[in-house]
Amino acid sequence: MRAMVNDSPWHAAPPALPAPLLDCLTEPGSLSLRLQAGGRRFAVRVLRQGEDRAQADEAEALGLKPGAPVYARHVLLTLDAAPVVYARSVTAPSCPAWLPVLARGSRSLGLTLFGELPELVREPLRYALLEAGHPQAAAAAATEPAAAYPARRCRFLLHGSPLLLTELFLPSLKDLL
């Protein structure tokens with residue numbers, strides 16, 4: 001019998017990080033509200049939104065095959081105009097529950113996920129240190145290169161439909177906390 005190998009980068013425990021960054025990574029509530037609480041000017045910059053493909057580590061969480069079509073929203077969260085978090089939200093491409101929620105322009109998704117949808121089910125946060133070979137690390141590197149990015153992700157269910165939100169912390173965040 002062959003042993004199963006779990007090559008997922010996602011874990012229940014966060015990676016070892018300096019305290020301020022770890023506190024931000026493990027924030028149980030809205031990351032947007034956490035960033036706003038620091039007194040700096042917070043904004044959301046939409047990089048792109050629309051049809052995309054499910055990445056291998058997203059597919060299972062969404063009940064899809066790797067490479068299947070998804071609807072994705074890619075944004076940067078900024079403090080004082082400096083990008084500090086790269087985020088990707090994905091759901092099924094024709095999901096009636098999530099598409100109206102994602103059609104929000106530069107309004108923060110976190111504000112909706114933590115307060116505006118009482119019927120929302122949130123699963124536990126998962127953590128990773130995503131290295132350069134991961135597709136989302138490559139996307140974050142387009143904004144601020146790093147050897148690896150502390151990251152968190154969470155699956156939300158709205159009327160039984162999943163949305164996967166992944167947030168990668170850019171190196172500049174530690175200087176602005």
Side-chain angles (χ1 to χ4, degrees), residues 10-12 14-15 17 19-50 52 54-55 57-58 61-62 70-92 95-130 136-137 139-140 142-144 149-177:
W10 299 100
H11 307 283
L17 298 168
L21 196 53
L22 183 63
D23 288 347
C24 202
L25 185 73
T26 58
E27 168 62 46
S30 167
L31 180 59
S32 295
L33 288 177
R34 172 67 180 262
L35 294 173
Q36 289 174 13
R40 297 185 182 274
R41 192 175 70 256
F42 173 83
V44 176
R45 184 184 323 153
V46 179
L47 299 174
R48 65 185 169 94
Q49 186 165 338
D52 207 333
Q55 296 169 1
D57 65 342
E58 296 172 329
L62 294 169
V70 293
Y71 186 87
R73 180 176 186 249
H74 302 257
V75 302
L76 290 174
L77 305 183
T78 66
L79 293 176
D80 293 342
V84 294
V85 175
Y86 166 82
R88 172 179 160 97
S89 307
V90 292
T91 191
C95 182
W98 286 112
L99 291 182
V101 174
L102 292 175
R104 59 192 319 95
S106 62
R107 200 167 146 245
S108 169
L109 180 60
L111 301 178
T112 297
L113 296 177
F114 294 92
E116 296 178 14
L117 300 170
E119 66 278 21
L120 185 70
V121 174
R122 179 184 184 197
E123 295 181 352
L125 284 167
R126 305 287 291 173
Y127 305 97
L129 196 56
L130 298 180
Q136 289 186 47
T143 299
E144 187 175 359
Y149 298 89
R152 67 185 210 164
R153 83 174 190 186
C154 190
R155 190 171 90 134
F156 297 86
L157 297 172
L158 185 59
H159 307 296
S161 297
L163 170 91
L164 193 63
L165 170 60
T166 306
E167 298 159 319
L168 283 71
F169 291 61
L170 302 176
S172 57
L173 177 61
K174 71 180 177 321
D175 299 328
L176 296 172
L177 289 176

Which atom pair, heavy atoms only, marks the closest approach of [X] to [Y]?
X	Y	answer
Cys24	Phe169	SG-CE2, 3.8 Å
Thr91	Pro162	OG1-O, 2.8 Å
Arg155	Ala61	NH1-O, 2.7 Å
Arg73	Val44	NH2-CG1, 4.0 Å
Tyr127	Pro15	CB-CD, 3.9 Å

*Could you check Phe42 against Ser108 for side chain to side chain contact (heavy atoms under 4.5 Å, CB included), going step by step and ending with a plain yes or no?*
CA-CA 10 Å; Phe42 173 83; Ser108 169; 4.3 Å; yes
Supply the atom-to-atom distance [X] [atom1] to [Y] [atom2], rounded to the nearest 0.5 angstrom.
X	Y	atom1	atom2	result
Leu120	Leu157	CG	CG	8.0 Å
Leu77	Leu168	CG	CG	11.0 Å
His74	Arg48	NE2	CZ	3.5 Å
Gln49	Leu99	CD	CG	9.0 Å
Thr166	Leu130	OG1	CG	8.0 Å

Is the closest side-chain heavy-atom distance between [X] and [Y] below 4.5 Å?
X	Y	result
Tyr86	Thr143	no
Val90	Gln55	no
Leu163	Leu109	yes

Can you give each donor-acceptor pair under 3.5 Å made by side-chain atoms of residues 170-177, sequence neighbours left out, with the distance rounded to 0.1 Å?
{"unit_1": "Ser172", "atom_1": "OG", "unit_2": "Pro83", "atom_2": "O", "d": "2.7"}
{"unit_1": "Ser172", "atom_1": "OG", "unit_2": "Glu144", "atom_2": "OE1", "d": "2.9"}
{"unit_1": "Lys174", "atom_1": "NZ", "unit_2": "Pro171", "atom_2": "O", "d": "3.2"}

*Determine, stepwise, if the pair Val75 / Ser106 fulfils side chain to side chain contact (heavy atoms under 4.5 Å, CB included).*
CA-CA 8 Å; Val75 302; Ser106 62; over 6 Å; no
_Residues forming a salt bridge (charged side-chain N to carboxylate O under 4.0 Å, His left out) with Glu27, sequence neighbours excluded_ =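 Partners of Glu27 by the salt bridge (charged side-chain N to carboxylate O under 4.0 Å, His left out) criterion, ordered by chain and then number, come out as Arg34.
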_Residues in salt bridge (charged side-chain N to carboxylate O under 4.0 Å, His left out) contact with Arg107, at least two apart in sequence or another chain_ =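 Salt bridge (charged side-chain N to carboxylate O under 4.0 Å, His left out) list for Arg107, sorted by chain: Glu116.
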*Please say which of Leu25, Asp23, Thr26 ends up in a side chain to side chain contact (heavy atoms under 4.5 Å, CB included) with Leu17.*
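Looking at Leu25, Asp23, Thr26, the match for Leu17 under the side chain to side chain contact (heavy atoms under 4.5 Å, CB included) is Leu25.
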*Quick one: which residue pairs count as a salt bridge (Lys or Arg N to Asp or Glu O under 4.0 Å) with a foot in residues 157-172, not counting sequence neighbours?*
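Only Arg152-Glu167 qualify under salt bridge (Lys or Arg N to Asp or Glu O under 4.0 Å).
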*asked:* According to salt bridge (Lys or Arg N to Asp or Glu O under 4.0 Å), does anything in residues 74-91 pair up with another residue at least two apart or in another chain? List the pairs.
replied: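 Sorted pair list: Arg40-Asp80, Asp52-Arg88, Glu58-Arg88.
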*Who pairs with Cys154 by side-chain contact (heavy atoms from CB on, under 4.5 Å), at least two apart in sequence or on another chain?*
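With neighbours one apart ignored, the set is Arg122, Leu125, Phe156.
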